Amino acid sequence: MIIKIVGIGLDGKKSLTDSVLEIINQATVLIGGDRHLKYFSNHRAKKKVINNLDTVINEIKKYQKKGENIVILATGDPLFFGIGRILLNNFLWEELEFYPHSSCVQLAFNKLKIPWQDAKFISLHGREIDLLIKELKKSYEKLAILTDKENNPLVIWQIYQQLKSSINYDFWLCENLGSQEEKITKIEKEDTIKLNLISPLNMVVLVRKEINNFTLDLEKLPLIGLCDKLFKTFPDQEGLITKKEVRLMILGALALQEKQIIWDIGAGTGSVSIEIARLINSSKIYAIEKTTMGVTLIKENCQRFQVNNIQVIHDYAEKIINNLPNPHRIFIGGNGGNLTNLLEIIKTKINDEGKIVIALATIENLNEALQWFKKNNWHYEIINLQISKSLAIGKNTRLNPLNPVNIITANPLISREK
């Protein structure tokens with residue numbers, strides 16, 4: 001016998017078509033959650049509540065051998081983060097037929113009147129919260145998040161706020177979708193999330209919003225260590241910025257002084273250049289970036305922070321640095337796979353007491369740099385940064401790691417100690 005899996009809305013029988021109701025009426029065995037079976041309390045079939053999935057799977061197989069007409073009741077679409085996937089892993093493809101109802105995600109986006117074909121779907125049901133942290137760093141336009149008791153809307157709100165993303169989202173709490181108790185709330189403050197008043201049948205939708213005419217109160221900004229979210233970043237790679245904690249280490253390693261010429265090679269969003277420009281306005285910074293988007297972001301961030309001692313150059317560094325004034329300090333944040341070639345040009349240009357600081361994420365690039373410094377008898381120092389930041393999750397606090405990075409500070413005049 002073919003096993004039928006029927007998706008039901010929160011309105012119970014009212015959510016089903018006549019043809020699907022007839023499939024349920026013909027069942028000799030009904031399997032589902034407590035709520036599902038209560039919709040059919042007067043049904044003559046044997047009823048089995050789903051508690052332990054392994055036990056239920058074994059019982060379904062026994063009923064199947066006896067030739068019972070088995071109908072499994074599920075919520076919404078059984079193949080959308082539902083029991084359908086588990087059944088497909090335990091039964092043959094041809095043994096199963098699915099009769100889906102609208103999924104909660106479909107209902108949520110339709111109630112919000114927002115197209116959802118490009119949304120990212122995340123189920124936190126029975127999963128680690130790390131999944132959400134990872135996905136929130138990817139700058140999706142829309143996220144639909146299925147919750148559970150531990151990974152609840154309050155926890156999601158707290159994590160979103162603590163990550164201090166430069167991406168701003170409208171935060172929608174959706175409850176009891178498809179029922180008479182349906183409720184959709186736009187959350188703007190943490191204290192409006194009352195867990196004791198929220199239905200267990202809830203989900204969260206995040207929709208990216210653009211903030212026009214963004215302005216900063218420059219007088220309230222710190223002298224050094226600007227928050228990452230203040231910078232405009234790559235729309236599809238929001239995390240592609242030198243993080244504040246790493247920038248602080250880089251600024252210290254550069255040992256900056258007044259009236260210096262500084263090259264920022266692979267400037268990205270311009271975060272390091274802007275920190276230097278604000279800290280020492282007598283410096284002259286050349287922010288070199290090969291991508292059109294990066295150059296646009298640097299210029300917009302310069303305007304945002306009102307710095308005027310940065311010259312933005314749209315080109316490959318190895319093509320143009322020979323034509324720039326000799327630098328006192330160089331920061332290399334991106335090398336485009338041409339680190340050795342860059343260093344060969346730099347050694348002919350850097351001032352006698354100059355310093356180079358390089359941020360490297362991979363062991364291969366670190367090895368390439370070290371081989372060059374050894375060959376050219378430069379003094380160097382390596383700092384390996386492995387930074388974790390506190391993250392409150394519910395009533396607990398955990399440490400969330402940033403990507404490790406190696407920072408090399410090198411000087412062309414002082415020979416390496418033997």
Side-chain angles (χ1 to χ4, degrees), residues 9-11 35 75-76 81 102-116 118-217 220 227-230 238 389-400:
L10 294 189
D11 275 351
R35 177 170 55 83
T75 299
F81 294 113
S102 299
S103 69
C104 59
V105 171
Q106 182 180 1
L107 291 170
F109 278 99
N110 276 274
K111 287 295 181 179
L112 292 170
K113 302 176 185 177
I114 298 171
W116 59 288
D118 56 342
K120 172 66 179 179
F121 312 120
I122 305 170
S123 175
L124 297 179
H125 191 79
R127 293 172 170 84
E128 295 293 330
I129 200 67
D130 298 66
L131 174 62
L132 176 63
I133 296 170
K134 178 182 177 182
E135 299 300 337
L136 278 175
K137 294 178 179 179
K138 294 184 179 179
S139 311
Y140 294 110
E141 291 288 330
K142 304 158 192 171
L143 295 97
I145 306 167
L146 307 184
T147 68
D148 67 9
K149 186 176 180 181
E150 283 72 37
N151 301 318
N152 56 59
L154 180 58
V155 168
I156 295 169
W157 172 270
Q158 290 173 338
I159 289 175
Y160 164 56
Q161 295 297 326
Q162 291 174 88
L163 288 177
K164 297 180 180 178
S165 169
S166 61
I167 304 300
N168 294 283
Y169 289 104
D170 283 328
F171 190 107
W172 296 96
L173 172 60
C174 307
E175 305 173 66
N176 296 318
L177 292 164
S179 74
Q180 292 182 350
E181 292 77 37
E182 179 178 274
K183 183 180 179 182
I184 296 180
T185 310
K186 186 176 182 180
I187 303 298
E188 296 180 332
K189 294 182 180 180
E190 180 174 323
D191 58 12
T192 62
I193 305 175
K194 307 292 186 182
L195 291 180
N196 60 321
L197 300 178
I198 294 175
S199 166
L201 300 175
N202 72 76
M203 64 171 292
V204 168
V205 173
L206 301 183
V207 181
R208 184 170 177 167
K209 63 179 178 181
E210 295 295 332
I211 297 180
N212 298 319
N213 302 318
F214 179 87
T215 58
L216 290 173
D217 188 343
K220 293 184 178 180
C227 182
D228 296 340
K229 70 181 298 181
L230 298 180
E238 183 262 339
K389 299 175 67 175
S390 64
L391 192 66
I393 300 177
K395 296 179 180 179
N396 299 315
T397 303
R398 56 170 283 183
L399 293 174
N400 185 47

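This one's a predicted model, so the numbers in the text were calculated from it and none came from an experiment. When reading the values below, keep in mind they use all heavy atoms of this one structure, side chains included, and skip hydrogens, waters and symmetry mates.
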Asker: Could you tell me whether K142 and D170 make a salt bridge, using a distance below 4.0 angstrom between a side-chain N and a carboxylate O?
Answerer: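 No, this pair does not count.
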Asker: Going by the rule side-chain hydrogen bond (donor to acceptor under 3.5 Å, both in side chains), which residues pair with S102 if we only count those two or more places apart in sequence or in a different chain?
Answerer: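 By the side-chain hydrogen bond (donor to acceptor under 3.5 Å, both in side chains) rule, S102 matches no residue at all.
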Asker: Could you point out which residue of N152, L146, V204, I129 forms a side chain to side chain contact (heavy atoms under 4.5 Å, CB included) with L124?
Answerer: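 Checked N152, L146, V204, I129 against L124; only one passes side chain to side chain contact (heavy atoms under 4.5 Å, CB included): I129.
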Asker: Considering only heavy atoms from C-beta outward, does the side chain of R398 approach that of D130 to under 4.5 Å?
Answerer: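 Yes, their side chains come closer than 4.5 Å.
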Asker: Take E181 and E175, measure what side-chain contact (heavy atoms from CB on, under 4.5 Å) needs, and give me the verdict at the end.
Answerer: CA-CA 8 Å; E181 292 77 37; E175 305 173 66; over 6 Å; no
Asker: Grab the two heavy atoms, one from L173 and one from P153, that are nearest each other, plus how far apart they are.
Answerer: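 Smallest heavy-atom distance, with atoms named: CD1-CG, 3.6 Å.
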Asker: Could you pull out the closest heavy-atom pair between L131 and S123, with the gap in Å?
Answerer: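 Reported closest heavy-atom pair: CD2-O, 3.6 Å.
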Asker: When you look at L177 and I184, which way does the side-chain contact (heavy atoms from CB on, under 4.5 Å) test go after all the steps?
Answerer: CA-CA 8 Å; L177 292 164; I184 296 180; 4.2 Å; yes
Asker: For the side chain of Q161 and the backbone of W157, is there at least one donor-acceptor N/O pair under 3.5 Å apart?
Answerer: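 Looks like no, no N/O pair under 3.5 Å.
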Asker: To the nearest 0.5 Å, what is the distance between NZ on K389 and CG on L399?
Answerer: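 Answer for the NZ-CG pair, K389 versus L399, is 11.5 Å.
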Asker: At their closest point, which heavy atom of A108 faces which heavy atom of M203, and how far apart are they?
Answerer: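 Looking at all heavy atoms of both residues, the shortest contact is CB-SD, 3.9 Å.
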Asker: In chain order, what residues pass the salt bridge (Lys or Arg N to Asp or Glu O under 4.0 Å) check against D148, with sequence neighbours excluded?
Answerer: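 Once residues adjacent in sequence are excluded, D148 has no partner under the salt bridge (Lys or Arg N to Asp or Glu O under 4.0 Å) criterion.
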Asker: Would you mind listing every side-chain hydrogen bond (donor to acceptor under 3.5 Å, both in side chains) that reaches into residues 188-199, with sequence neighbours excluded?
Answerer: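 Of all non-adjacent pairs touching residues 188-199, those that pass side-chain hydrogen bond (donor to acceptor under 3.5 Å, both in side chains) are Q158-E190, N176-S199.
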Asker: Among I159, I122, I145, which one satisfies side chain to side chain contact (heavy atoms under 4.5 Å, CB included) with L136?
Answerer: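 The option that passes is I159.
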Asker: For residues L132 and I156, determine if any side-chain heavy atom of one lies less than 4.5 Å from a side-chain heavy atom of the other.
Answerer: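 The answer is yes, as the side chains (C-beta and beyond) meet within the 4.5 Å cut-off.
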Asker: Which of parallel (below 30°), tilted (30 to 60°) and perpendicular (above 60°) describes W116 and F109?
Answerer: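 Aromatic pair W116/F109 classed parallel.
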Asker: Around E128, counting heavy atoms of other residues, nucleotides and ligands shown, do more than 12 lie under 6.0 Å from its CD?
Answerer: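 At most 12 heavy atoms, drawn from other residues, nucleotides or ligands, come within 6.0 Å of this atom.
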Asker: Quick check: closest heavy atoms across S179 and L10, and the distance to 0.1 Å?
Answerer: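 Nearest pair, atom of S179 first, then L10: CB-CB, 3.5 Å.
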Asker: Do the side chains of E141 and V207 get nearer than 4.5 Å, heavy atoms only?
Answerer: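 They are not in side-chain contact.
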Asker: Whether the T147 and N202 side chains hold a donor-acceptor pair (N or O, under 3.5 Å, no angle test) is what I'd like checked.
Answerer: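 Looking only at side-chain atoms, N202 and T147 do form a donor-acceptor pair, the distance falling under 3.5 Å.
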Asker: ring-ring contact (aromatic ring centres under 6.0 Å, His included) with Y160: which residues, sequence neighbours excluded?
Answerer: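 By the ring-ring contact (aromatic ring centres under 6.0 Å, His included) rule, Y160 matches Y169.
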Asker: How about W172 and L112: do any of their side-chain heavy atoms sit closer than 4.5 Å?
Answerer: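 In short, these two side chains touch, coming nearer than 4.5 Å.
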Asker: Taking side chain to side chain contact (heavy atoms under 4.5 Å, CB included) as the definition, give me every residue that meets it alongside N396, ordered by chain and number, with sequence neighbours left out.
Answerer: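 Counting only residues at least two positions away or on another chain, N396 forms no side chain to side chain contact (heavy atoms under 4.5 Å, CB included).
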Asker: Between atom SG of C174 and atom NZ of K183, what is the distance when rounded to the nearest 0.5 Å?
Answerer: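 It is 12.0 Å, given to the nearest 0.5 Å.
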Asker: Do K111 and E182 have side chains that approach each other closer than 4.5 Å (heavy atoms only, starting at C-beta)?
Answerer: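 K111 reaches E182 side chain to side chain.
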Asker: Report yes if some heavy atom in the side chain of E135 is under 4.5 Å from a heavy atom in the side chain of Y140; otherwise report no.
Answerer: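 Heavy-atom side-chain distance check passes, below 4.5 Å.
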Asker: Taking only residues two or more places apart in sequence or in another chain, which ones pass side chain to side chain contact (heavy atoms under 4.5 Å, CB included) with T75?
Answerer: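 For T75, the residues satisfying side chain to side chain contact (heavy atoms under 4.5 Å, CB included) (neighbours in sequence not counted) are R35, H36.
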Asker: Which is it for I198 and I193 under the side-chain contact (heavy atoms from CB on, under 4.5 Å) test, yes or no, and what are the steps along the way?
Answerer: CA-CA 8 Å; I198 294 175; I193 305 175; 3.7 Å; yes
